Structure formats: C-alpha cells, structure tokens
Amino acid sequence: MHPGSFGEARQEAKLSGRWLLVNIQAESEFDSHRLNRDTWPNETLQLLLESLCVFWQQYEASGEGELFCSRYRVSKYPHLAMIHPRTGLCLWEKAGFVSAEFLCDKVSDFCGRHSLDDDDDDCD
C-alpha cells in the first residue's frame with residue numbers, strides 16, 4: 001500500500017508503468033472492514049496487485065480522502081477505482097464489498113483490455 005498522497009501514488013504508478021488502484025473506505029461502513037479482513041490479505045490478490053498496480057487506500061474523512069472523493073464524485077463506500085496514472089482518468093469503479101476472487105478476475109481482465117498508452121476517458 002502506498003503511504004503517501006494521491007499525487008505521490010499516481011506519480012509512482014506513472015514511473016513504474018503500473019495502474020493506480022484506489023480504495024476509499026468509511027469507518028462506519030461494515031463493508032470497509034470486510035475488505036480489510038477478507039479481501040486485502042489474500043496472497044494471490046497481493047501478488048497480482050504488486051505486479052500490476054500501485055495500491056492507495058484512504059478513509060473518506062481524511063484530508064486526502066476528502067479531496068479524492070470531491071474530485072471523483074465518490075459518495076458510496078467502500079469505493080474502488082482504477083485510475084490511469086498519466087491522465088488521472090477513472091477507467092473502472094465499484095462501490096461496496098468485493099471478494100478477493102472477484103477483484104483478481106477484474107484486475108486481470110482490466111489490465112488485459114487496457115493499455116497505459118490508451119487515453120480512455122470513461123469509467124466502465
């Protein structure tokens with residue numbers, strides 16, 4: 001997990017040639033806790049994310065979280081988004097709990113269909 005700001009995580013993703021996977025959580029949402037307990041510890045998912053993404057996680061109430069939520073119009077939590085590191089565009093987003101298996105499939109499929117050289121501009 002990237003410890004810095006959104007801008008720093010985006011820069012690291014850009015320099016390393018990886019996507020930026022964002023997770024915005026709400027302390028009051030049980031599904032945020034479920035992601036931490038059931039999804040993120042999955043070893044297969046961790047290996048996949050290490051190779052394809054820079055992972056950045058924040059609480060919606062933090063300064064960085066509030067800024068991201070305002071910029072990307074996030075209102076439901078937990079929120080996942082795949083951000084193009086060069087353009088800053090959101091190319092995929094999902095609200096709510098997702099299993100490690102679902103996320104492995106989604107990230108693999110997404111990275112297989114999208115290139116970091118593409119200028120796609122729609123979340124799908």
Side-chain angles (χ1 to χ4, degrees):
M1 181 173 8
H2 192 279
S5 69
F6 175 73
E8 291 166 345
R10 189 173 155 196
Q11 183 68 14
E12 181 180 323
K14 189 186 316 179
L15 293 174
S16 65
R18 295 181 288 164
W19 292 93
L20 178 56
L21 178 64
V22 173
N23 175 219
I24 303 295
Q25 300 194 347
E27 186 73 37
S28 61
E29 291 292 330
F30 182 65
D31 280 346
S32 291
H33 300 282
R34 287 181 64 206
L35 276 176
N36 290 336
R37 182 191 68 197
D38 301 332
T39 302
W40 302 128
N42 181 280
E43 188 174 327
T44 302
L45 178 60
Q46 288 180 8
L47 291 172
L48 183 68
L49 294 181
E50 284 175 15
S51 66
L52 298 173
C53 302
V54 169
F55 179 56
W56 185 72
Q57 182 182 63
Q58 291 287 312
Y59 281 103
E60 48 85 26
S62 72
E64 284 286 326
E66 286 179 353
L67 184 60
F68 181 89
C69 291
S70 174
R71 181 179 295 155
Y72 289 93
R73 296 185 176 104
V74 175
S75 60
K76 295 181 182 175
Y77 307 99
H79 179 83
L80 295 170
M82 192 70 81
I83 305 295
H84 192 295
R86 186 173 47 81
T87 65
L89 295 172
C90 172
L91 300 179
W92 174 79
E93 61 184 350
K94 173 110 174 91
F97 176 78
V98 295
S99 69
E101 294 77 17
F102 171 87
L103 198 52
C104 282
D105 288 345
K106 186 62 188 177
V107 168
S108 295
D109 180 61
F110 177 91
C111 291
R113 291 187 306 119
H114 296 277
S115 166
L116 285 170
D117 297 326
D118 290 345
D119 287 329
D120 294 335
D121 59 3
D122 295 323
C123 284
D124 61 25

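Along the sequence shown, the residues carry numbers beginning at 1. Quantities reported herein were computed from a predicted structural model and do not represent experimental measurements. Values below: all heavy atoms of this structure, side chains included; hydrogens, waters and symmetry mates excluded.
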Visitor: What's the spacing between Leu89 CG and Ile83 CD1 if we round to 0.5 Å?
Guide: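 CD1 of Ile83 is found 8.0 Å from CG of Leu89.
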Visitor: How are the rings of Phe102 and Trp92 set relative to one another: parallel (under 30°), tilted (30 to 60°) or perpendicular (over 60°)?
Guide: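 Rings of Phe102 and Trp92: tilted, as their planes differ by 30° to 60°.
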Visitor: Phe68 and Met82: same hydrophobic cluster, using ILVMFWY side-chain contacts below 4.5 Å?
Guide: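 No; tracing contacts between hydrophobic side chains, which count when under 4.5 Å, never links both residues.
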Visitor: What are the two closest non-hydrogen atoms of Gly4 and Glu8, and how far apart are they?
Guide: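 Shortest heavy-atom separation between Gly4 and Glu8 comes out as CA-OE1, 3.1 Å.
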Visitor: Do Ile24 and Val54 belong to the same hydrophobic cluster, where Ile, Leu, Val, Met, Phe, Trp and Tyr are linked whenever their side-chain heavy atoms lie under 4.5 Å apart, directly or via other members?
Guide: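 Yes, it is one cluster - the side chains of Ile24 and Val54 are joined through contacts under 4.5 Å.
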Visitor: Hey, is the main chain of Glu27 close enough, under 3.5 Å, to the side chain of His33 for a donor-acceptor pair?
Guide: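 A pair under 3.5 Å: yes.
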Visitor: Over 60° means perpendicular and under 30° means parallel, so classify the ring planes of Phe55 and Trp40, tilted if in between.
Guide: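 Taking Phe55 first and then Trp40, their aromatic rings sit tilted (interplane angle of 30° to 60°).
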Visitor: Enter the distance from Asn23:CG to Lys94:NZ here, rounded to the nearest 0.5 Å.
Guide: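 Rounded to the nearest 0.5 Å, the CG-NZ separation comes out at 13.0 Å.
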Visitor: Mark yes or no for whether Glu64, through its side chain, and Phe6, through its backbone, hold a donor-acceptor pair below 3.5 Å.
Guide: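 It does hold such a pair.
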Visitor: Would you say the side-chain atoms of Ser108 pair up with the backbone N or O of Cys104, donor to acceptor, closer than 3.5 Å?
Guide: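 Yes, the answer is positive, given that a donor and an acceptor are paired below the 3.5 Å cut-off.
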Visitor: To the closest 0.5 Å, what do you measure between CD (Gln25) and CD (Gln57)?
Guide: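 One finds 4.0 Å between CD of Gln25 and CD of Gln57.
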Visitor: Is Leu52 reachable from Leu20 through a run of hydrophobic residues whose side-chain heavy atoms are each under 4.5 Å from the next?
Guide: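 Per the 4.5 Å side-chain linkage, Leu20 and Leu52 are not co-clustered.
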Visitor: Do the side chains of Glu12 and Arg18 get close enough for a salt bridge, i.e. N-O under 4.0 angstrom?
Guide: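 Looking at Arg18 together with Glu12, the answer is yes, because their closest N to O distance falls below 4.0 Å.
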Visitor: Do Leu48 and Val22 share a hydrophobic cluster (ILVMFWY, side-chain heavy atoms under 4.5 Å, transitive)?
Guide: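 No; tracing contacts between hydrophobic side chains, which count when under 4.5 Å, never links both residues.
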Visitor: Do you know the tightest heavy-atom contact between Leu35 and Pro41?
Guide: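 That would be O-CD, 4.1 Å.
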Visitor: How long is the gap from OH on Tyr72 to NE2 on His79, to the nearest 0.5 Å?
Guide: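 Separation between the atoms: 9.5 Å.
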Visitor: Looking only at heavy atoms, which two atoms of Ala9 and His2 are closest? And how far apart?
Guide: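 Ala9 and His2 have their closest heavy atoms at N-CE1, 3.6 Å.
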Visitor: Testing the basics here: between Lys76 and Ala95, what is the closest heavy-atom pair and its distance to 0.1 Å?
Guide: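 Answer, listing the atom of Lys76 first, then Ala95: CB-CB, 3.8 Å.
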Visitor: Find the distance between OG (Ser99) and NZ (Lys106) and round it off to the nearest 0.5 Å.
Guide: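 The NZ atom of Lys106 is 13.0 Å from OG of Ser99, to the nearest 0.5 Å.
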Visitor: Measure the CD-CZ distance between Glu93 and Arg73 for me, rounded to the nearest 0.5 Å.
Guide: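 Reported to 0.5 Å precision, the distance equals 11.0 Å.
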Visitor: Under the criterion side-chain contact (heavy atoms from CB on, under 4.5 Å), I'd like the reasoning laid out for Gln46 against Leu49: C-alpha separation, chi angles, the key distance, then a yes or no.
Guide: CA-CA 5 Å; Gln46 288 180 8; Leu49 294 181; 6.0 Å; no
Visitor: Are Leu103 and Leu80 close enough, and set up right, to give a side-chain contact (heavy atoms from CB on, under 4.5 Å), and what steps lead you there?
Guide: CA-CA 10 Å; Leu103 198 52; Leu80 295 170; 4.2 Å; yes
Visitor: Under a 4.5 Å side-chain heavy-atom rule over Ile, Leu, Val, Met, Phe, Trp and Tyr, are Leu45 and Phe110 clustered together?
Guide: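 Yes, Leu45 and Phe110 fall within the same hydrophobic cluster.
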Visitor: Looking only at heavy atoms, what is the nearest atom pair of Tyr77 and Cys69, with distance?
Guide: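 Shortest heavy-atom contact: OH-SG, 3.5 Å.
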Visitor: Do His84 and Trp19 have side chains that get closer than 4.5 Å, going by heavy atoms?
Guide: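 Touching, per the 4.5 Å side-chain cut-off.
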Visitor: Give a yes or no answer on whether the side chain of Ser32 reaches the backbone of Ala26 with a donor-acceptor pair at less than 3.5 Å.
Guide: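 Side chain of Ser32 to backbone of Ala26: a pair is present.
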